[in-house]
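See below for the structure under consideration.
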Amino acid sequence: MTLGITAFREVNRRERANEAPVEYYKRAVEDRILDFEEVILGFDEEMAMAEAARCLQCPDPQPCTLNCPAGNDLPAALWHISQGEFLEAAKIFSQTSPLPEVCGRVCPNLCQEGCALSARNGAISIGKLEEFVADEARMAGLLKISVPEKKTGKHVAVVGSGPAGITVAEDLIKKGHQVTVYEAWPVPGGVLVYGIPSFKLDKQVVMLKIQDLEEAGVKFVTNTRIGEQITVDELLEQYDAVFLGTGAGVEANMSVPGEELNYVYSSTDFLIRANVPTDMLPAFRREKPWVGQRVAVIGGGDTAVDCARSAIRLGAEEVTIIYRRTEAEMPGNKSERDICLEEGVKIEYLQAPVEYIGDEDGRVKAMKVICMELGEPDRSGRRRPLPIEGSEFIQEVDTVVLAVGYWPDPLMGDTTPNLATHKWGLILADEEVGATSREGVFAAGDNVHGPDLVITAIAGAHKAADSIHAYLNKQPVQWVSAPND
Ligand code: SF4
């Protein structure tokens with residue numbers, strides 16, 4: 001007899017709390033560092049049911065759901081999985097995200113950090129269970145997008161085809177509007193294709209989503225950079241509304257002498273050339289980055305980890321991440337960091353480069369590094385790194401990758417009259433409704449709040465899509481919060 005969710009909550013609760021986590025399949029290190037294919041293979045049916053059955057079905061408010069930026073009803077999803085009702089679980093994840101198959105793969109699992117079991121035997125692997133049920137739903141054809149037969153006659157331009165653009169496109173096409181998505185790269189997908197490495201997210205997963213959107217009627221225009229080939233004002237002449245979801249793809253700069261040397265790469269350039277198949281790249285980006293034996297990656301976030309893992313796969317023998325604070329202040333995902341250490345990457349804390357030194361041919365051959373100590377917390381709340389005078393030393397390197405942060409492309413603000421932007425090109429927008437300073441122009445995602453999670457961009461884009469729908473129906477869209485609070 002199958003127990004209902006309420007009865008299940010009370011049965012064998014103590015025993016379930018003591019159950020060991022079910023380990024999902026992962027490729028062996030010696031195998032996976034030879035290619036760029038996905039590392040995590042995930043659960044099979046039996047394993048997924050056993051892992052989900054560990055869930056205690058905590059009373060409301062459940063800490064996992066409170067920690068999830070999308071507010072997913074995770075206990076209900078886990079209950080369905082424990083009963084083998086995978087498609088029912090998939091429907092719950094799809095209620096908040098058009099990309100559950102992506103979120104399951106790349107979400108940093110904030111829900112798991114909140115899980116009541118994390119202090120006992122280990123949190124439930126919610127992200128990998130989401131990936132499992134989303135892939136099941138994909139195979140069952142459940143991720144197809146239904147659209148109304150009757151169209152509204154309204155047409156929206158979406159600029160950018162990353163998580164925010166995909167979300168707005170799907171939400172609006174489902175409401176009967178026509179949608180055209182503009183993408184600067186040769187293939188749609190934005191950061192999902194050109195930022196996140198294939199060993200974390202297979203590009204085919206993204207391509208299947210793009211195919212779903214195309215079948216639902218979304219039109220994609222690639223190799224077109226809005227603000228350069230076409231302005232936002234020109235889009236407003238052709239469309240009833242414009243959504244800006246251009247992300248944050250411009251690299252921050254440390255201005256360290258020697259950054260112009262050969263084989264000192266920006267993380268974007270390095271990741272794109274290393275990870276993206278050449279037929280998805282413009283001709284000038286098709287050459288693989290050169291890595292010597294010793295690679296230094298400067299930075300501490302997920303991008304630094306992605307670059308280090310890519311360098312290992314390109315054949316580097318010694319890959320070191322150089323970070324100016326300690327592990328406690330590191331911004332990235334700990335489980336990603338653990339995987340990267342497993343693959344042989346070293347991390348040096350409390351160090352920062354102060355100069356890159358070149359040889360007579362202009363190639364980097366070493367860097368001068370200074371040791372740091374932590375001072376008082378800065379505005380981010382993290383303790384400020386302070387250089388220790390006289391602690392400099394020389395470290396030989398063959399390749400350097402700079403992964404020190406991202407900001408939006410200022411092009412949009414520079415080429416759109418009266419589109420207000422503020423620090424580092426961020427678009428001034430109400431994060432509750434996505435309204436900008438220009439009527440008919442909406443924005444959400446990393447170009448509004450700076451680099452953040454895929455699920456955060458999705459959450460903001462849902463709100464912007466609701467506002468666009470209201471705007472197209474001549475309902476007022478009012479700013480409800482101070483811009484970019
Ligand atoms: Fe289940 Fe953990 Fe959420 Fe509790 S916090 S309901 S154990 S997933």
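Values below: every heavy atom of this structure, side chains too, minus hydrogens, waters and symmetry copies. Atoms within a ligand are numbered from 1 in the order they appear, just like the ligands themselves.
Of all the heavy atoms of Leu78, the ones lying under 4.0 Å from any atom of ligand 1 belong exclusively to the side chain.
The single protein non-hydrogen atom nearest to atom 7 (S) of ligand 1 is Leu56 N, 3.3 Å, given as residue, atom name and distance. The protein atom (non-hydrogen) at minimum distance from atom 5 (S) of ligand 1 is Ala116 N, 3.2 Å. Nearest protein heavy-atom contact of atom 4 (Fe) of ligand 1 is Cys58 SG, 2.3 Å. For atom 3 (Fe) of ligand 1, the nearest non-hydrogen atom of the protein is Cys64 SG, 2.3 Å.
Using a 30° and 60° split on the angle between ring planes, Trp185 and Tyr194 fall in the parallel class, below 30°.
Between atom 4 (Fe) of ligand 1 and Cys115 there is no N/O/S contact shorter than 2.8 Å. Coordination check, Cys55 versus atom 1 (Fe) of ligand 1: passed, since an N/O/S atom of the residue sits under 2.8 Å.
One distance of note links CD1 of Ile455 with OG of Ser97; it measures 4.5 Å at 0.5 Å rounding.
Applying the 4.0 Å criterion to heavy atoms of Pro75 picks out, from ligand 1, the atoms 6 (S).
Side chain of Arg105 to backbone of Glu101: a donor-acceptor contact under 3.5 angstrom is found.
Because its NZ or CZ atom is not both nearer than 6.0 Å to the ring centre of Phe199 and within 45° of the ring axis, Arg32 does not count as a cation-pi partner of that residue.
In this structure, Phe86 has its ring center under 6.0 Å from that of Phe132. For an aromatic pair to be called close, the ring centres must be under 6.0 Å apart, and Tyr24 with Phe43 satisfies this.
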